[in-house]
K.L.:
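One structure is given below, represented as structure tokens, and several questions about it will come after.
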Amino acid sequence: MHWTLLLAVEAAAEEGGGLFDLDATLPLMAVQFLLLVAVLNALLFKPLGNAIDERDSYVRTNLTDARERLSKAESLAKQYEQELAETRRQSQAVITAAQADAQKIATQKIAEAQQEAQVQREQAQQELDRQSKKRCKPWSSRFQA
Amino acid sequence: MELLNLPFNALPLAELEVGHHLYWQLGNFKIHGETIITSWVVIGLLIVFSTLATRKVERVPAGFQNAMEYAVDFTRGLAKDSIGEKEYRPWVPFIGSLFLFIFLSNWSGALVPWKLFELPAGELAAPTSDINTTVALALLTSLAYFYAGFSKKGLGYFGNYVQPVPFMLPFKIIEDFTKPLSLSFRLFGNILADELVVGVLVLLVPLFVPLLVMALGLFLSGIQALIFATLAATYIGEAMEEHGEEHGAH
């Protein structure tokens, strides 16, 4: 039964060794470890922690910046769209107005022309009447005389 | 007697030693040389990795910086989860060093072929398979959480001992002893047991079969490092925890 751990430990302990042999290694290791903490703090945790924090803030500011720009661009696009729609409406109105004007002018012109034509026709009629009266007069005076 | 000789150790392939140390004399004190040597190797590796990682810190990390940033981020997460967003920052180096040192120590026991280096006595192994290392780390953790509690609350820290009810006092006092005890023995036992199991299996079946247990051992080593660091962070967080109802009552 050599290989039970307990026996081995007991045997070793008799000679000042063994598994649970606490000695000056303990404080030395503690001091060593504290030094390691100090060294790693200066060498590793501080610089890399700073790097991580800086990157975080960099990414965050960039993100908010980009988000701001995106919202600005979106509002600009919306504004342009509104202006475009407004302009379309205005141009439509201008076109309708122009068409209405043209229509009015056309009707007016037509009416004027018709009136003029009427006038001319009446004049021509009067002229005709007059001339025919003049030509007939001698005849009638002759009959009266 | 101290050799763990298996009955069928007629094969001269491997041999298992437990409780043998290479003693260095330092004044009146004895030191386990093999533990100190391997811990120096681990510490050296950590320092080399850190130097390589921070030689030229860039915004877009690459290579070593990337790897170590992952480690730093991971340990920060550990500390943040257990201690809380507000207080965790000063404790990151301690928790992170605990994790990295234990992790590298455990893995060095499994991955570095220490047995190739002959020592006059004992053999090189993971520093965490020596109880001195684990007790040292556990006691430092105890000191750390006492320091955290006292620096945060002053003498009001003793109020923790009667929370939430006064009869918890003896249990809380016992806890102060069981915390480092369980921390150190858990780590020590796991790592030593892992190395022993691998050793015994290598004795029995020298080929292939130990690989499975070695892989399991790697996994276990990582888990143990994680457990130690998480528990340390939890204890520190617990010590600094505010008891809201206490302020309301008094």
Side-chain angles (χ1 to χ4, degrees), chain A residues 1-70, chain B residues 1-7 16 18-21 23 26-32 35-36 39-40 43 46-47 49-51 53-54 57-61 65 68-69 71-73 75-76 89 92-94 96-98 100-101 121-122 127 130-133 135-137 139-140 188 192 196 200:
Chain A
M1 289 299 109
H2 284 286
W3 62 302
T4 51
L5 206 62
L6 221 69
L7 266 182
V9 172
E10 277 172 6
E14 280 164 19
E15 299 164 16
L19 276 180
F20 302 99
D21 181 25
L22 292 171
D23 55 16
T25 317
L26 196 160
L28 184 63
M29 189 63 79
V31 171
Q32 246 180 211
F33 182 75
L34 285 181
L35 286 180
L36 177 72
V37 172
V39 169
L40 283 192
N41 184 35
L43 269 184
L44 180 69
F45 290 104
K46 222 174 248 173
L48 284 197
N50 284 346
I52 292 172
D53 288 343
E54 261 167 37
R55 184 177 315 126
D56 270 1
S57 64
Y58 170 77
V59 168
R60 205 171 303 128
T61 48
N62 262 12
L63 200 66
T64 46
D65 218 36
R67 239 179 234 144
E68 228 165 68
R69 264 191 241 163
L70 186 68
Chain B
M1 266 300 257
E2 55 283 345
L3 290 191
L4 256 147
N5 287 328
L6 289 167
L16 210 56
V18 172
H20 257 202
H21 301 292
Y23 284 106
L26 200 82
N28 281 333
F29 303 109
K30 282 179 168 181
I31 291 170
H32 294 169
T35 309
I36 297 296
S39 73
W40 283 347
I43 290 174
L46 274 177
I47 290 176
F49 286 162
S50 313
T51 326
T54 53
V57 177
E58 289 175 36
R59 180 176 288 151
V60 180
Q65 193 195 340
M68 291 313 270
E69 258 190 33
V72 169
D73 222 24
T75 52
R76 274 179 148 203
R89 272 170 192 276
V92 168
F94 182 69
S97 303
L98 267 182
L100 290 178
F101 179 70
D130 187 330
I131 186 110
N132 287 287
T133 313
V135 170
L137 296 179
L139 287 181
L140 281 180
F188 165 68
L192 186 75
L196 282 183
V200 168

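No experiment lies behind these values; they were computed from the predicted model shown. Residue numbers start from 1 in every chain, and the chains themselves are labelled A, B, ... in the order their sequence lines are given, proteins ahead of strands.
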K.L.:
Measure distances from Phe49(B) to the heavy atoms of chain A and classify the residue's part below 4.5 Å as side chain, backbone, both or neither.
P.N.:
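No part of it gets close to chain A.
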K.L.:
Do the non-hydrogen side-chain atoms of Lys46(A) and Thr54(B) ever get within less than 4.5 Å of each other?
P.N.:
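Answer no - side chains too far apart.
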K.L.:
Please test Asp23(A) against Tyr23(B) for side-chain contact (heavy atoms from CB on, under 4.5 Å), starting from the C-alpha separation and ending with a verdict.
P.N.:
CA-CA 10 Å; Asp23(A) 55 16; Tyr23(B) 284 106; 3.8 Å; yes
K.L.:
Quick check for you: to the nearest 0.5 Å, what is the distance between Arg76(B) atom CZ and Asp53(A) atom CG?
P.N.:
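If we round to the nearest 0.5 Å, Arg76(B):CZ and Asp53(A):CG are 4.5 Å apart.
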K.L.:
Kindly indicate whether the side chain of Leu100(B), heavy atoms from C-beta on, has any atom under 4.5 Å from the side chain of Leu44(A).
P.N.:
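They are in contact (side-chain heavy atoms under 4.5 Å apart), so the answer is yes.
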K.L.:
At a heavy-atom separation under 4.5 Å, does Leu22(A) approach chain B through its side chain, its backbone, both, or neither?
P.N.:
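For Leu22(A), the contact with chain B is made by backbone and side chain together.
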K.L.:
Identify the two heavy atoms, one from Ala30(A) and one from Ala136(B), that lie closest to each other, and give their separation to 0.1 Å.
P.N.:
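Answer, listing the atom of Ala30(A) first, then Ala136(B): N-CB, 3.9 Å.
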K.L.:
Measuring heavy-atom distances to chain B, does Leu43(A) have an atom under 4.5 Å in its side chain, in its backbone, in both, or in neither?
P.N.:
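It is both, since atoms from each part get that close.
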K.L.:
Working to the nearest 0.5 angstrom, can you tell me the gap between Thr35(B) OG1 and Met29(A) CE?
P.N.:
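Reported value, rounded in 0.5 Å steps: 6.0 Å.
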K.L.:
At a heavy-atom separation under 4.5 Å, does Gln65(B) approach chain A through its side chain, its backbone, both, or neither?
P.N.:
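Both backbone and side chain.
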K.L.:
With a 4.5 Å limit on heavy-atom distance, are the side chains of Thr133(B) and Thr25(A) in contact?
P.N.:
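Side chain of Thr133(B) against side chain of Thr25(A), heavy atoms only: no contact under 4.5 Å found.
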K.L.:
For Leu26(B), does the CG atom sit with more than 12 other heavy atoms under 6.0 Å from it, leaving out its own atoms?
P.N.:
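Atom CG in Leu26(B) is not packed in, count stays at 12 or less.
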K.L.:
Checking heavy atoms, do the side chain of Ile47(B), its backbone, both or neither come under 4.5 Å from chain A?
P.N.:
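Backbone plus side chain of Ile47(B), per the 4.5 Å heavy-atom cut-off to chain A.
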K.L.:
Measuring from Ile31(B):CD1 to Leu26(A):CG, what's the distance to the nearest 0.5 Å?
P.N.:
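Result: 11.5 Å between the selected atoms.
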K.L.:
So how far is it from Asn132(B) CG to Phe20(A) CZ, rounded to the nearest 0.5 Å?
P.N.:
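Atom-to-atom, Asn132(B):CG and Phe20(A):CZ are 11.5 Å apart.
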K.L.:
Would you give the length of the straight line joining atom CG of Leu46(B) to atom CG of Leu36(A), rounded to the nearest 0.5 angstrom?
P.N.:
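One gets 5.5 Å once the value is rounded to the nearest 0.5 Å.
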K.L.:
Start with the C-alpha gap between Glu54(A) and Val57(B), add the side-chain angles, then the distance that decides, and say whether side-chain contact (heavy atoms from CB on, under 4.5 Å) holds.
P.N.:
CA-CA 11 Å; Glu54(A) 261 167 37; Val57(B) 177; over 6 Å; no
K.L.:
Between Ala53(B), Pro61(B), Pro127(B), which shows the greatest number of heavy-atom pairs under 4.5 Å with chain A?
P.N.:
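The candidate making the most pairs under 4.5 Å is Pro61(B).
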K.L.:
Would you sort out whether Ser97(B) and Phe45(A) count as a side-chain contact (heavy atoms from CB on, under 4.5 Å), showing the intermediate values?
P.N.:
CA-CA 9 Å; Ser97(B) 303; Phe45(A) 290 104; 3.7 Å; yes
K.L.:
Have His32(B) and Asp21(A) got a donor and an acceptor in their side chains that come within less than 3.5 Å?
P.N.:
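Judged by distance alone, the side chains do pair up.
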